[in-house]
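The structure appears below as C-alpha cells.
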Amino acid sequence: MSDKCYLEIDGKKIELPIKKGTVGPSVIDVRDLYKNSGYFTFDPGFTSTASCQSDICYIDGDKGVLLYRGYEIEKLAEKSSFLEVAYLLINGELPNKDKYIEFSDAIKNHTMVHEQIRSFYNGFRRGGHPMAMMLAVVGALSAFYADSSNVNDPKEREISSRRMIAKVPTLAAMAYKYSIGQPFIYPDNDLSYCENFLHMCFAVPATKYKINKSVSNALEKIFILHADHEQNASTSTVRLAASSAVNPFASISAGFSALWGPLHGGANEAALNMLKKIGSVKNIPEYIKKAKDPNDNFRLMGFGHRVYKSYDPRAKVMQKACYEVLDALGKKNDEVLKVALELEKIALNDDYFIQKKLYPNIDFYSGITLSAMGFPPEMFVVLFAVARTVGWIAHWSEMYSDPLNKLNRPRQLYIGKNKREFVDQDKR
Ligand code: SDX
C-alpha cells in the first residue's frame, strides 16, 4: 500500500500523503491541497470525506460489521450492560469490577436535576414534541453548571460527561411525564440505569411500579445498539459545535437537534407511523410500488443506510429484542409486527431493494418494540438520544485530546453573482 499519491493540476504535480488506519479505507490527506494548488475538494453530504481520526467505533458497511472499541456489537448487546458499554466507549476499555462500581455510582449520584429545571417544562405546550423540550432543557443545563464547562480541563470534562449521562434520562422521563400530564417521578438509585429510566417514565405516585425484567433487559440491549455509530449526522454535529470550544451542554443539545430528523434518529417514529399507515399485509404491494416510483417521494422508513450496504448488524439484534419484548408482554400477535415481517420479507427479495442495497436498519424494529413497551412514537427518538448521548460524549471527549482538533470551518464552491455595482431603489 503506497503512502502517497499524486494529483496533476494545471501542469503541476502535487504529492498527497496517504494515511492508513487500523482497518478499513485509508485516506488521502488533503489538508495542504488548497495551499499547494488553490483548489478545494467538493463533497456535499461528506460521502467520501473522513472528518477526523477516531478509535471509538468502526463500521464495515459492506460486511455489516459494527465494533465499539474493537468489540462486536452483537457480543456487547448479549453480554454487557449499557453503563458498562458507556464506560468502554468513553475510556476505551471494558471496566473491571472496581472501575465499574466507581463509574456507575458516580452516574447514580448525578441522576437528579436542579429543582428549578422543573419549571422549564411549564413553558412548553403539553402536546409539543418531547425532542423540542429535550434540546431546550439540555442546552439550559449550561446555565446551572458553569463549574464544569471548561472543555480544556480534563477533570471538568469528566464531571460534565458523567452529569450528562446521568441527567439526560431524568430529563427525558420528565418530558414524557409532562406531555401526558402526569407528575414527575424522581430517580430511584436502588435501580439499574435502565430500570430507573422505566421507573421514571411509567411509575405513578398512586401505585407501586413493578419492573418487568424482560423489558428492562431488552432496554439495555436497545440502548447498547443505539449508543454510538461513528461519524453519523448527529455525532458530526456535536463535534462541529464543540470545535468552537462552547460548553458541553450546548454541544450535546446540537446533537439532539440533528438526531431529531426523520432521515436520522427520527426514522423509528416515521417507520412505525408508516407501518401503521400500511395497516395490513394486503396493502404492502401498493407501498412497495410507491417506494420504487422515482416520482413519488415516499420512502420505506427504516430501510436503507448511508454506510450499511448490507444488513445493519443492529437490526438483527433489534429484531430478536423485539420478539422477546412482544413475547414477554403477550403481544406476539401484534398486527404491526405482522406487517413489518411481511414487508421485510418482500423487500429483501425485491430486485429494486437488492440492487439499491436497501436493507432494514436499526430503526425498522425499534419502533415496534418501544411501542409495545408503552412509549408513544414521539418518544422513540428521545430514547435514541438517551443512548446516543454516550456516543456523543465519547466523541466529544476524544476530540479535545486529538492534536489535530481545531475549529471546524468548511469552505464552498461559490456559484453566486460576481461583484456588481449597487443600484439605488428608484433606478431598479
Ligand atoms: C440512522 O449515519 C448513521 O449511522 C445513522 C444511524 C446511526 O446510528 O446514527 O445509523 C441511524 O439514521 C439510520 C437511517 C434511518 N433513516 C431511515 O430509515 C430513513 C429512510 N432511509 C433513507 O432516507 C436513506 O436510506 C438514508 C437517508 C438513510 C440513506 O440514504 P443515502 O445514503 O443518502 O442514499 P440516497 O438517499 O441517495 O438513496 C440511494 C438510492 C436513491 O435512489 P436513486 O436516487 O439512486 O434512484 O436509494 C433510494 C433513493 O431513492 N432509497 C430508498 C430508500 N432509501 C434510499 N428508496 C426507498 N426507500 C428507502 N428507504
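Order of listing sets the numbers, starting from 1, for every ligand and every atom in it.
Contact annotation for K290 and ligand 1: no heavy atom of the residue comes within less than 4.0 Å of the ligand. The residue H226 has no part lying near ligand 1, judged by heavy-atom distances below 4.0 Å. Contacts between R314 and ligand 1 below 4.0 angstrom, taking non-hydrogen atoms only, involve the side chain exclusively.
For the pair F298 and ligand 1, the shortest N or O to N or O distance does not fall below 3.5 Å. Among the atoms of K356, some N or O lies under 3.5 angstrom from an N or O of ligand 1. Looking at ligand 1, you won't find any N or O of L358 less than 3.5 Å from one of its N or O atoms. At a 3.5 angstrom cut-off on N or O pairs, L263 counts as close to ligand 1. For ligand 1, the polar-atom distance check against L300 finds a nitrogen or oxygen pair separated by under 3.5 Å.
Using a 4.0 angstrom heavy-atom cutoff, K309 counts as in contact with ligand 1. Distances shorter than 4.0 angstrom do not occur between any heavy atom of V307 and any atom of ligand 1. Under a 4.0 angstrom heavy-atom cut-off, R388 registers as being in contact with ligand 1. Under the 4.0 angstrom criterion for non-hydrogen atoms, F364 is not in contact with ligand 1.
Atom 60 (N) of ligand 1 is approached by the protein to below 4.0 angstrom, counting heavy atoms only. Closer than 4.0 Å to atom 39 (C) of ligand 1 lies none of the heavy atoms of the protein. For atom 56 (N) of ligand 1, the nearest protein heavy atom lies under 4.0 Å away.
Checked for salt-bridge contact, R162 and E102 meet the test: a charged N lies under 4.0 Å from a carboxylate O. The pair K20-D3 fails the salt-bridge criterion, with no side-chain N (NZ, NE, NH1 or NH2) lying under 4.0 Å from an Asp/Glu carboxylate O. Under 4.0 Å is where a charged nitrogen must lie from a carboxylate oxygen, and between K320 and E324 at least one such pair does. For the pair K289 and E286, the salt-bridge criterion is not met [side-chain N within less than 4.0 Å of a carboxylate O]. Between E335 and K338 there is a salt bridge, with a side-chain nitrogen of the basic residue lying less than 4.0 Å from a carboxylate oxygen of the acidic one.
No donor-acceptor pair closer than 3.5 Å links the side chain of D363 to the backbone N or O of A267. At least one donor-acceptor pair closer than 3.5 Å links the side chain of N408 to the backbone N or O of K406.
Listed by number with element, the atoms of ligand 1 under 4.0 angstrom from any heavy atom of N232 are 2 (O), 3 (C), 4 (O), 9 (O). Using a 4.0 Å cut-off to heavy atoms of A267, the atoms of ligand 1 that qualify are 15 (C), 16 (N), 17 (C), 18 (O). Atoms of ligand 1 found under 4.0 Å from any heavy atom of G304 (numbered from 1 in listed order, with element): 25 (O), 28 (C). Ligand-side atoms of ligand 1 in range of D363: 1 (C), 13 (C), 14 (C), 15 (C), range being under 4.0 angstrom from any heavy atom. Every atom of ligand 1 with a heavy atom of G302 under 4.0 Å away is listed here by number and element: 17 (C), 18 (O).
Rounding to the nearest 0.5 Å places OH of Y71 at 12.5 Å from NZ of K79. How far CD1 of I73 is from OH of Y58: 15.0 Å, rounded to the nearest 0.5 Å.
Outside the 6.0 Å centre-distance limit, the rings of F197 and Y176 are not counted as a close aromatic pair. Side-chain rings of F364 and F303 approach one another, their centers coming within less than 6.0 Å. A ring-centre distance under 6.0 Å is not found for W260 and F256. You'll find the ring centres of H305 and H229 inside the 6.0 Å limit.
Closest protein heavy atom to atom 29 (C) of ligand 1: R306 N, 3.7 Å. Atom 11 (C) of ligand 1 has H264 ND1, 3.8 Å as its closest protein atom, hydrogens excluded (heavy atom only). Among protein heavy atoms, the minimum distance from atom 20 (C) of ligand 1 is reached at F303 O, 3.4 Å. Shortest contact from atom 49 (C) of ligand 1 to any protein heavy atom: R299 NH2, 3.1 Å. Nearest protein heavy-atom contact of atom 4 (O) of ligand 1 is H229 ND1, 2.6 Å. If you check which protein heavy atom lies closest to atom 14 (C) of ligand 1, you get N361 ND2, 3.6 Å. Residue, atom and distance of the protein heavy atom nearest to atom 6 (C) of ligand 1 are H305 NE2, 3.6 Å.
Ring pair H226/F384 is perpendicular by interplanar angle, where above 60° counts as perpendicular and below 30° as parallel.
For F46, the CZ atom counts as loosely surrounded, since its 6.0 Å shell holds 12 or fewer non-hydrogen atoms of other residues, nucleotides or ligands.
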